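Notes for the one structure printed next.
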Amino acid sequence: MSDPIGGNRTFGDSIEIRTEGLGPAGKDGVRSAPRDRTRRVHVGRVPIGGGAKVAVQSMTTTMTWDVSATMDQIRRLDEAGCEIVRVAVPDEKSADALPEIVRLSPLPVVADIHFTWKLGLKAIAAGVHKVRINPGNIGGESRVQEIVAAAKDKGIPIRVGANAGSLPKEIIAKYGVHDPLGIVEAALIPIGILEKAGFEDIVVSMKASDVGLAVASYRLASKRIPYPLHIGITEAGSSKRGSIKSAVGLGMLLEEGIGDTMRVSLTADPVEEIETAFMILSAVGLRQRGPEVISCPSCGRCDIDLIGLATTVENRVKALGTKIPLKVAVMGCEVNGPGEARDADVGIAGGLHEGLIFKNGEILRKVKENMVVDELMVEVEKVLRIKEAEAARGEAGA
Ligand code: SF4
């Protein structure tokens with residue numbers, strides 16, 4: 001395949017190792033990925049690539065010019081654990097709101113710009129922490145150079161990429177519309193334009209709504225592109241379907257060490273995107289945020305309303321509002337429950353009109369059914385206090 005970038009640069013030969021996989025998680029459920037091969041860029045205070053933890057981002061769904069509504073959503077995203085927020089900048093009115101949004105936002109702000117280079121310049125002048133552009137539709141090389149010069153001046157990165165739904169004609173002629181080679185080659189075009197302008201603080205995305213195509217494209221990109229990858233399955237769908245498609249696609253990539261920042265795209269409240277993103281990161285053992293409730297599917301040995309019990313525990317644990325990782329188990333029977341949930345910090349196992357409270361697989365006590373959740377929460381809070389003290393000591397020592 002010819003390399004549209006040309007020159008002496010060889011993309012990504014040394015990145016081959018990133019497809020080796022992560023191996024099993026450690027006892028704390030977290031493992032480190034061989035993700036130190038991409039160039040490090042910074043979006044505000046958040047590092048992306050070069051071994052940084054995978055940063056979680058989302059995009060507001062409000063009219064950006066409506067600063068009050070946009071800030072409400074950004075604050076809710078921040079509380080949910082979002083680390084970078086993107087806002088659409090389709091018009092002057094939205095660009096005019098950016099200085100205030102940047103001033104008020106607790107999160108680094110990315111401006112999403114299409115077609116109008118002037119809006120890109122305005123966004124950069126407003127102090128946004130990254131811009132997402134398509135150099136192919138921003139109005140020619142001199143316009144791109146102006147944006148690059150402004151981004152360089154402010155020290156902010158630029159995100160570019162390719163979208164399977166809007167590939168350039170020449171790429172479609174060569175590869176059709178369903179070939180990862182075509183998507184990666186399409187992404188190399190804007191990368192080449194930025195590199196030609198002397199700019200390398202680049203983040204790259206490969207957008208496809210087909211999970212297999214997206215995964216294959218990112219795999220190929222991880223071998224050929226030395227810049228951090230923004231991973232996501234675009235137009236994934238509503239909550240359930242979109243979460244599953246994202247979990248399958250992003251899970252495979254993350255498991256292979258691919259992806260430096262991620263967005264779960266859902267047709268839903270963006271706060272759900274953050275919750276799903278952390279569930280995916282937790283499932284692949286890369287990041288834990290807050291407590292995780294694990295529960296058995298129940299079977300003929302179960303004598304309690306396990307679904308009701310698990311839902312109550314999930315709500316009570318969520319209401320603690322802690323970011324400290326903690327594993328809480330809700331198991332259906334006393335015979336197998338404590339052993340099956342040995343990895344949990346604390347848990348309950350239901351019996352007939354009673355329940356067992358256990359900790360690290362060891363049984364602490366037997367309690368009446370109507371007290372089982374309250375007693376569990378007593379133990380949860382004890383473990384939480386110990387973990388909080390450990391975390392505080394860790395921070396003080398850092
Ligand atoms: Fe069945 Fe008990 Fe296992 Fe739950 S913990 S699935 S109730 S055997």
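Everything numeric here is computed off the predicted structure, so don't read it as measured data. Order of listing sets the numbers, starting from 1, for every ligand and every atom in it.
Residue-and-atom listing of protein N/O/S atoms under 2.8 Å from atom 1 (Fe) of ligand 1, sorted by chain and number: C299 SG.
Taking hydrophobic clusters as Ile, Leu, Val, Met, Phe, Trp and Tyr residues chained together by side-chain heavy-atom distances below 4.5 Å, V160 shares a cluster with V184.
Side-chain contact check for Y175 and E170: no donor-acceptor pair (N or O, by modelled atom type) lies under 3.5 Å. No donor-acceptor contact under 3.5 angstrom links the side chains of Q73 and T60, judged on distance only. Side-chain atoms of S58 and R263 form no donor-acceptor pair, as typed in the model, at a separation below 3.5 Å.
Relative to the ring axis of F278, R289 places its NZ or CZ within 45° and under 6.0 Å from the centre.
Nearest protein heavy-atom neighbour of atom 5 (S) of ligand 1: E340 OE1, 3.6 Å.
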Validation: residues 77-88 side-chain donor-acceptor distances under 3.5 Å, sequence neighbours left out:
| unit_1 | atom_1 | unit_2 | atom_2 | d |
| --- | --- | --- | --- | --- |
| E83 | OE1 | V56 | N | 2.7 |
| E83 | OE1 | R287 | NH1 | 3.0 |
| E83 | OE2 | R287 | NH1 | 3.0 |
| E83 | OE2 | R287 | NH2 | 2.7 |
| R86 | NH1 | D112 | OD2 | 2.5 |

